[in-house]
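Written out below as structure tokens is the structure these notes cover.
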Protein chains: 2
Amino acid sequence: MVKEAADESEICCPSRLVLDRIGDKWSVLIVLNLGDGPKRFSELRGVLHHVTPKVLTYTLRGMERDGLLTRTVFAEVPPRVEYELTPLGHSLRPVMEPITTWAEEHVDEVLSLRKAHDTRSADEFAG
Amino acid sequence: MVKEAADESEICCPSRLVLDRIGDKWSVLIVLNLGDGPKRFSELRGVLHHVTPKVLTYTLRGMERDGLLTRTVFAEVPPRVEYELTPLGHSLRPVMEPITTWAEEHVDEVLSLRKAHDTRSADEFAG
DNA sequence: CGGGATCCGAGCCGATACTG
DNA sequence: CAGTATCGGCTCGGATCCCG
């Protein structure tokens with residue numbers, strides 16, 4: 001799980017809770033993708049660059065546990081399972097969207113700065 | 001707002017850049033702590049719940065590489081090194097602050113939901 | 001269709017010890 | 001003070017196979 005017990009670290013820094021969730025590879029994308037409405041397991045898989053089922057399940061279960069989304073199984077054939085944001089999950093959207101916005105605006109800058117930094121380091125090393 | 005399904009894959013990629021940085025355990029806290037002005041290595045150590053020097057160095061170097069902060073060495077005795085946010089680093093603050101705000105506001109809710117969920121699961125398991 | 005089970009590697013992170 | 005060096009753990013997440 002992203003984080004287990006509620007110990008001192010969470011008391012002094014509640015941010016860890018969200019940070020750990022945001023930090024994992026797929027949660028943010030899931031929140032944003034479910035923002036428009038519920039989606040099925042396969043829909044999410046497709047959108048999320050073919051994340052493996054295990055990891056997607058793992059992530060979804062964790063988010064369900066935290067009350068960010070609900071999992072609804074329809075007793076049909078073929079099986080259908082829908083994931084939908086709870087109000088709590090929706091409340092995360094305005095927090096997460098700026099992240100992607102910032103990324104889109106600054107990705108080029110960061111990448112070029114990074115490259116420049118690496119070049120400088122290489123130069124120092126060479127003499 | 002998240003928009004056209006076809007573009008979602010593109011939203012994902014630049015986001016990874018920021019997500020990976022946010023995901024690591026200390027970057028967000030560092031950005032927030034440097035928001036008020038430059039800080040020394042030891043000051044950061046103290047504030048960040050005694051993160052080990054290795055990890056702090058590792059994180060700071062990564063952020064420096066991405067152009068989020070600068071590292072200034074003062075030729076003094078004893079040695080002094082200050083870390084300061086660049087404008088780019090500062091631009092990240094309004095993105096990160098809502099995260100901690102959300103965390104503080106909802107930590108109790110998430111924790112209790114999580115506990116309730118775990119209890120339910122245990123009950124099912126027990127019969 | 002929507003997963004579960006298993007194996008496995010990568011890398012973040014921490015503790016401890018030592019240095020210019 | 002501000003790191004570096006070494007060792008090791010643990011979790012994340014990908015691949016693959018299998019099931020109701």
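Note that this is a predicted model, so its numbers are computed, not measured. Below, read A as the first sequence line, B as the second, and so on, with proteins coming before strands; counting in each chain starts at 1.
For Ser42(B), counting side-chain heavy atoms from C-beta on, the closest listed nucleotide (dG2(C), dT16(C), dA2(D)) is dA2(D). Nearest to the side chain of Pro78(A), among dG2(C), dC1(C), dG3(D), sits dC1(C).
The shortest distance between the side-chain N/O atoms of Lys54(A) and the OP1/OP2 oxygens of dG2(C) is not below 4.0 Å. Put simply, Arg61(B) has a side-chain N or O that comes within less than 4.0 Å of OP1 or OP2 on dT4(D). Phosphate proximity of dG3(D) to Arg71(B): present, with a side-chain N or O under 4.0 Å from OP1 or OP2. For Tyr58(A) and dG2(C), the shortest distance from a side-chain N or O to OP1 or OP2 is not below 4.0 Å.
Between Glu43(B) and Arg45(B), no side-chain nitrogen of the basic residue sits less than 4.0 Å from a carboxylate oxygen of the acidic one, so the salt-bridge criterion is not met.
Ranked by how close their nearest DNA chain D nucleotide is to the 5' end, Pro79(A) and Leu60(B) are led by Leu60(B).
As a whole-Å value, the separation of Trp26(B) CH2 from dC13(C) C1' is 9 Å. Rounded to whole Å, the distance from NZ on Lys25(B) to C1' on dC12(C) is 10 Å. Atoms CZ (Arg45(B)) and P (dA15(C)) sit 10 Å apart, rounded to a whole Å. Look at CD on Glu43(A): it is 13 Å from C1' on dG2(C), rounded to the nearest Å. Computed from coordinates, the Lys39(A) NZ to dC1(C) P distance equals 17 Å when rounded to whole Å. Protein atom CD1 of Ile30(A) is 10 Å distant from nucleotide atom P of dG13(D), rounded to whole Å. The CG atom of Leu56(A) sits 14 Å away from the P atom of dA15(D) (whole-angstrom rounding). Residue Leu48(B) contributes atom CG, which lies 18 Å from atom P of dC12(C) at whole-angstrom precision.
Smallest separation of non-hydrogen atoms from Phe41(B) and Pro53(B): CZ-O, 3.9 Å. Between Thr100(A) and Ser15(B), the shortest heavy-atom contact is CG2-OG, 3.4 Å.
Among the atoms of the strands shown, only primed sugar atoms or phosphate atoms (P, OP1, OP2) are found under 4.0 Å from some heavy atom of Arg40(B). Within the 4.0 angstrom heavy-atom criterion, no nucleotide atom of any strand lies near Phe74(B).
Atom-to-atom distance recorded for Glu64(A):CD and Leu113(B):CG is 11.5 Å, nearest 0.5 angstrom. In this structure, CG in Leu92(A) is found 10.5 Å from CD in Glu97(A), a value given to the nearest 0.5 Å.
Each of Val51(B), Thr59(B), Leu34(B), Leu29(B) was checked for a side chain to side chain contact (heavy atoms under 4.5 Å, CB included) with Leu44(B), and the lone residue meeting it is Leu34(B).
Overall, the helix from dC1(C)-dG20(D) to dG20(C)-dC1(D) carries an axis bend of 50° between its ends, with five pairs at each end and the value rounded to 10°.
Side-chain contact annotation: Ser121(A) with Asp118(A), donor-acceptor N/O pair under 3.5 Å absent.
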